[in-house]
K.L.:
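Take a look at the following structure, please.
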Amino acid sequence: MSPMPDAEEQARLDFAIALKGALRGPLKGALPEVYDSAAAPAWAETHGRRPQSWREVGEAMAGQRPYRWWSALMRAQQEFYVDVTAQVVERELPDLIGRYRRITAGPILGTLTLDPDLKLPPYQGEVDIHCVPGSYFLERTEDDVWAGARSDLGSFVFSMGRHGALNEDKGVAGAAFLKDRFPDLQVGRVLDLGCTVGLSTLPYCDAFPGAEVHGLDLSAPSLRYAHARAEALGKPVHFRQGDAEHAPYEAGSFDLVVSHILLHETSRAALAAIVAECFRLLRPGGVMLHVEVPVRRTEAFDQFMTNWDSLNNNEPFWSTLGEMDLVGPAVRAGFPEEAVFEAVVPTHNAKAGGWLGYGARKPA
Amino acid sequence: MSLPPLPKASKGGRPFFLEDSDSERLLTMVVALTAEVSVLHDKLDSVMRVAADKAGFTPAEVEAFRPDPQAAEERARRRAALIERVFRILYADAERAAAAPGLSYEDIVALVAGEEDA
């Protein structure tokens, strides 16, 4: 189902990847030194102390030429790769819609349930996440899959292939983490919130054979694409359009409710509502796990650099999430405090590092 | 299929980092132009490799050519080198930022000029 770039488009994507790789090199590598030897002392001269919070680090760095040029290139790179992936999918769109119709007309393993009356929450409606014009929601024709296909291609280019051939790392890592931490957990029904095109949803079909796997998302174009992609890959998944704050499923009907890089694209209020929904949806003894970008940093400078995307790549909630107490929302949702955890979810495909795992187990 | 054109601006505004936002607009054009140079290099590379295989070839063969792992690696090296060439001044700034501050150019001129013999 995936869009296939032609030779010229592939060369453009290769360039985008090369530029992104270059921007992780010496231009970025010089920034800690710029901070230590120039930015922090200059800020300290007017404030009588060195910067302490990541916001103060940002104030200090804002005037530094190496930081400004690196940032300008980062933003230009982001817009360029989004534009190229958008054009690839635009060229292939008639074919992709045809494939969607053919695949979903045949015998299918899963289901797709759309809700044309769904209202977008403001945290998605007011901003085009990742600077993608039209975001996840652009729909210009019947059975439009543009936004889903672009997201699939974009995710692969953005992660530079480091998250597996099917970009499945977060799902594979999440499932492995759950099996390791909760070996006794019996999994018959799984719900993946904010599943987009199902990159992280499908691994749960393999990790828990026989389990009924569901995916919920706000975006119809993403879900159409997810449905056709899952069918093409032979994975039975039930996709549904809906809002994770008011998930259209019965209370106590899931053993496992998961999400993957969903929370940082929501809001403080939505996060609390989503965690409360997780508690409602889980059966006693069931587990909630949110696999997130590793937003926590101990050093102010590292936190500032980690938050670059939040400030400059249309990820408005990322920086707030990095500082939030996540135990509170879970406890207010009904989880016992001792059942709430934050842990590193080791990455499956990349050489090092991990995702931030946030979750809790509902008492049996 | 006739669709309205894709939007080009993302909701959420656009931050600028350089002191002059027009310079940054030019930078985004430089990035896109550099990409096109890279695309042309890749296409030429395909042409040459196809031509090397046989005397005559068609545009479709060039279009269908996919580099083997070794050729892909050579292209990747050339792309990385292209980026370093185009943005060389920024790499130089980065090196200067990381190095211990040396003498200013004026100081060096004065140093080599020495003092007139008394």
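Per chain, numbering begins at 1; letters A, B, ... match sequence-line order. Values below: every heavy atom of this structure, side chains too, minus hydrogens, waters and symmetry copies.
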K.L.:
Determine whether Leu27(A) and Tyr91(B) satisfy the following criterion, side-chain contact (heavy atoms from CB on, under 4.5 Å), listing intermediate values before the conclusion.
P.N.:
CA-CA 6 Å; Leu27(A) 298 183; Tyr91(B) 284 82; 3.9 Å; yes
K.L.:
So which heavy atom on Phe15(A) is nearest to which on Ser38(B), and how close?
P.N.:
CD1-CB, 3.6 Å
K.L.:
Could you walk me through whether Leu18(B) and Trp69(A) pass the side-chain contact (heavy atoms from CB on, under 4.5 Å) check?
P.N.:
CA-CA 7 Å; Leu18(B) 303 186; Trp69(A) 277 93; 3.6 Å; yes
K.L.:
Between Pro4(B) and Arg140(A), which heavy-atom pair has the shortest distance, and what is it?
P.N.:
O-NH1, 2.6 Å
K.L.:
Can you name the nearest heavy-atom pair linking Ala18(A) to Ile83(B), along with the distance?
P.N.:
C-CD1, 3.5 Å
K.L.:
Sort Asp83(A) into side chain, backbone, both or neither according to what part of it lies under 4.5 angstrom from a heavy atom of chain B.
P.N.:
side chain
K.L.:
Non-hydrogen atoms of chain A under 4.5 Å away: do they reach the side chain of Arg14(B), the backbone, both or neither?
P.N.:
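Its backbone and side chain both get close to chain A.
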K.L.:
Which class fits the ring pair Trp308(A) and Phe17(B): parallel under 30°, tilted 30 to 60°, perpendicular over 60°?
P.N.:
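The arrangement is parallel - the two ring planes meet at less than 30°.
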K.L.:
Taking side chain as everything from C-beta outward and backbone as N, CA, C, O, which of these in Leu19(A) sits under 4.5 Å from a heavy atom of chain B? Side chain, backbone, both or neither.
P.N.:
both
K.L.:
Using a 4.5 Å heavy-atom cutoff, which residues in residues 120-134 of chain A come close to chain B?
P.N.:
Gly125(A), Glu126(A), Val127(A), Asp128(A), Cys131(A), Val132(A), Pro133(A), Gly134(A)
K.L.:
Can you tell me if Asn314(A) uses its side chain to pair, donor with acceptor, with the backbone of Lys11(B) under 3.5 Å?
P.N.:
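The answer is yes, because a donor-acceptor pair under 3.5 Å joins these two groups.
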K.L.:
What residue in Glu36(B), Glu84(B), Arg75(B), His41(B) has the most heavy-atom pairs under 4.5 Å with chain A?
P.N.:
Glu36(B)
K.L.:
Quick one: closest heavy-atom pair of Pro7(B) and Leu138(A), and the distance?
P.N.:
CD-CD2, 3.9 Å
K.L.:
Can you say whether Leu73(A) sits under 4.5 Å from chain B via the side chain, the backbone, both, or neither, judging by heavy atoms?
P.N.:
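Both backbone and side chain.
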K.L.:
With a 4.5 angstrom heavy-atom cut-off, is it the side chain or the backbone of Thr34(B) that approaches chain A, or both, or neither?
P.N.:
both
K.L.:
Quick one: pull up CZ in Phe16(B) and CG in Asn312(A) and give me the separation to the nearest 0.5 Å.
P.N.:
12.0 Å
K.L.:
Is any NZ, NE, NH1 or NH2 atom of the basic residue among Glu24(B) and Arg75(A) found under 4.0 Å from an Asp or Glu carboxylate oxygen of the other?
P.N.:
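Answer for the salt bridge query: no.
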